[in-house]
Amino acid sequence: MYSEKVMEHYMMPRNAWHMADADGVACEFDAECGDKFTMFIRVSGDYICDVSFLGYGCGAAIASGSMTTMLAKGKSIAEALKLTEEDVIAALGGLPDEKRHCPELSVSALHLAILDYLAKQGRSAKGYLS
Ligand code: FES
C-alpha cells in the first residue's frame, strides 16, 4: 500500500524534535481524523536554516511531515511558501488515493510557521505570495 520511501520516513522520521528556540512555530489540526502537527522553523537571512516537527497521526502524515522538513530545509521563505502537497507526495514516491490529503497537515503547518515568523518580524507575506 505504501511506497518504500513512505515506509522509510514513517519508521525513521527525519527532523522529528521539539525546537525550543524556533523563530516561527505553528500547530495544525485535522478535525476529521484528529491528527495534529506542530512545525518549527529557524530562519537566517530569509532562508530556512533549520526545521523540525512533532506530529501525531497516521503513517502517511508522519512520513509527510518528515519529507516536508527535508524539502523545506535550505529553501528561501518564498520557495518554502510555494511548497505544495503534490511536491511532498511526489518526493515520497506517491500515496494511496485515500491518503493523498495527509500532507495537507504538514505543508499547512509549515506555511503557518513561516507566517508566524514573518508576523514576529512585523512583516507581511504579501510580497512572497505573488
Ligand atoms: Fe489524518 Fe492521515 S488520516 S492525516
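Side chains are part of it too, since the values below use all heavy atoms of this structure and drop only hydrogens, waters and symmetry mates. Note that the coordinates shown come from a computational prediction; the quantities given were computed from them, not determined experimentally. Just so you know, ligand 1 is whichever comes first in the structure, and atom 1 is the first atom listed for that ligand.
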- Nearest heavy-atom contact between Met39 and Ala113 is O-CB, 3.8 Å
- Message: Any salt bridge linking Asp50 with Lys73? Criterion: basic side-chain nitrogen under 4.0 Å from a carboxylate oxygen.
- Response: yes
- Message: According to side-chain contact (heavy atoms from CB on, under 4.5 Å), who are the partners of Glu85, at least two apart in sequence or on a separate chain?
- Response: Pro103, Glu104, Val107
- Qualifying residue, where the test is side-chain contact (heavy atoms from CB on, under 4.5 Å) with Ser64 and the options are Thr69, Val6, Leu92: Leu92
- Message: Give the atom numbers and elements of ligand 1 that come within less than 4.0 Å of a heavy atom of Lys99.
- Response: 3 (S)
- For Met19 and Arg42, the nearest pair of non-hydrogen atoms, with its separation, is CG-NH2, 3.2 Å
- Note on the structure: In terms of heavy-atom contacts, Ala72 and Ile48 come closest through O-CB, 3.8 Å
- Message: Suppose the cut-off is 2.8 Å; how many protein N/O/S atoms fall inside it around atom 1 (Fe) of ligand 1?
- Response: 2
